Amino acid sequence: RYIENVSFNNFSIIAQGGGTVSDGEIRTIPELRHIRIGTGTQQIIPAYGIYVRHVKGLYMDNMLMNTATPDDRPAVICNEVVDMVFSDSKASVTSDAECMIRLQNVQQAWIRNCQPFGSNNTFLKIEGEKSRGILLSGNDLRKFKNSFSFINGATKDAVTETNNIY
């Protein structure tokens, strides 16, 4: 089941920070049937900024994601998302984080006009056999060694690049 038509627009996140590389390498977190804020239950989330899964129609625009102290997790992780736009946003990334953005089994995604605070090996990590239709356009990739990488069944033909700055 998917949640449909989710938007995050015009806001800043300043996370506490302190996340480790191993925190960022978490690939699955338990599904929760009921969410209760403030119950004292703590779950490590593999992204310091936005972690989204099971969404059709995700729009993230004009976001600023930073941390009070360094954090070695990706800024954004999307898992099983269909029809996504991530645009005109900035995020901090450390040199030790696996990437700035991770997409797991994401279909029809457009990542445009994004830039980092900091540098890293990889801007976007793509995972899963279902990943396809991903467009990178107009992103500032000068502080990354690789614009994208693939693991766990994802293939290079899942991504198209145009007008990025290298």
Side-chain angles (χ1 to χ4, degrees), residues 6-15 17-28 45-53 55 58-67 69-166:
V6 176
S7 293
F8 297 102
N9 300 303
N10 304 314
F11 73 91
S12 298
I13 295 172
I14 300 177
T20 65
V21 171
S22 61
D23 293 341
E25 292 172 345
I26 295 171
R27 291 302 189 262
T28 58
I45 303 298
Y48 77 79
I50 301 287
Y51 178 86
V52 177
R53 71 175 164 196
V55 173
L58 174 63
Y59 186 73
M60 300 180 286
D61 178 60
N62 194 29
M63 297 181 1
L64 175 65
M65 291 174 276
N66 210 338
T67 59
T69 60
D71 197 302
D72 293 330
R73 296 174 291 175
V76 175
I77 297 177
C78 297
N79 185 355
E80 295 187 23
V81 172
V82 177
D83 191 19
M84 160 192 158
V85 175
F86 181 45
S87 66
D88 300 300
S89 297
K90 297 179 182 180
S92 65
V93 62
T94 65
S95 59
D96 291 332
E98 69 174 310
C99 58
M100 186 169 126
I101 302 167
R102 185 169 77 213
L103 303 182
Q104 298 171 241
N105 291 308
V106 170
Q107 301 167 28
Q108 308 307 332
W110 186 10
I111 301 172
R112 66 179 186 226
N113 301 329
C114 294
Q115 65 185 99
F117 298 116
S119 61
N120 187 274
N121 284 329
T122 306
F123 174 69
L124 172 66
K125 183 170 276 189
I126 303 162
E127 298 185 21
E129 296 173 1
K130 295 178 186 176
S131 293
R132 65 178 179 272
I134 299 165
L135 174 62
L136 299 180
S137 174
N139 298 292
D140 184 349
L141 304 178
R142 292 175 290 184
K143 294 184 178 180
F144 297 95
K145 291 181 183 174
N146 304 298
S147 51
F148 54 87
S149 66
F150 306 93
I151 63 170
N152 298 332
T155 59
K156 186 174 182 177
D157 63 348
V159 176
T160 302
E161 288 188 274
T162 182
N163 298 321
N164 293 306
I165 302 167
Y166 299 97

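Just so you know, residue 1 is the first one in the sequence shown, and it goes up from there. For the numbers below, each heavy atom of this structure counts, side chains included, while hydrogens, waters and symmetry mates do not. Computed from a predicted structure; not experimentally measured.
Here the side chains of Tyr166 and Glu161 are in contact, with some heavy-atom distance below 4.5 Å. Within the 4.5 Å cutoff, no side-chain heavy atoms of Asn139 are placed close to those of Leu124. Side-chain atoms of Val159 and Phe150, non-hydrogen and from C-beta on, do get closer than 4.5 Å to each other. Between Thr155 and Arg132 there is no side-chain heavy-atom pair separated by less than 4.5 Å. Two residues are said to be in side-chain contact when any heavy atoms from C-beta on lie closer than 4.5 Å; Asn9 and Tyr59 meet this criterion. When side chains are defined from C-beta on, Ile77 counts as touching Gln104, because their heavy atoms get closer than 4.5 Å. Looking at heavy atoms from C-beta onward, Val93 lies out of side-chain contact with Lys143 at the 4.5 angstrom threshold. Counting only heavy atoms from C-beta outward, the side chains of Ile151 and Lys125 approach each other to under 4.5 Å.
In this structure, Asn152 contributes its side chain and Ala154 its backbone to no donor-acceptor pair below 3.5 Å. Within the 3.5 Å criterion, the main-chain N or O of Leu136 finds a donor-acceptor partner in the side chain of Asn164. Looking at Asp71, its side chain does come within 3.5 Å of a backbone N or O of Arg73 through a donor-acceptor pair. Side-chain atoms of Arg102 never come within 3.5 Å of backbone atoms of Glu127 as a donor-acceptor pair (strictly under, hydrogens ignored).
Side chains of Asp96 and Thr94: a donor-acceptor N/O pair is absent below 3.5 angstrom, by distance only. Judged by distance alone, the side chains of Asn62 and Asn10 do bring a donor and an acceptor atom under 3.5 Å apart. Residues Ser87 and Asp61 have side chains that bring a donor and an acceptor to within less than 3.5 angstrom of each other.
Atom CG of Leu135 is surrounded by more than 12 heavy atoms from other residues, nucleotides or ligands within 6.0 Å. Within 6.0 Å of CZ on Arg27 lie more than 12 heavy atoms contributed by other residues, nucleotides or ligands.
Considering only residues two or more places apart in sequence or on other chains, Phe86 meets the ring-ring contact (aromatic ring centres under 6.0 Å, His included) condition with none of them. With sequence neighbours left out, Gln115 forms a side-chain hydrogen bond (donor to acceptor under 3.5 Å, both in side chains) with no residue at all.
Ala47 and Ala75 get closest at one heavy-atom pair: CB-O, 3.9 Å.
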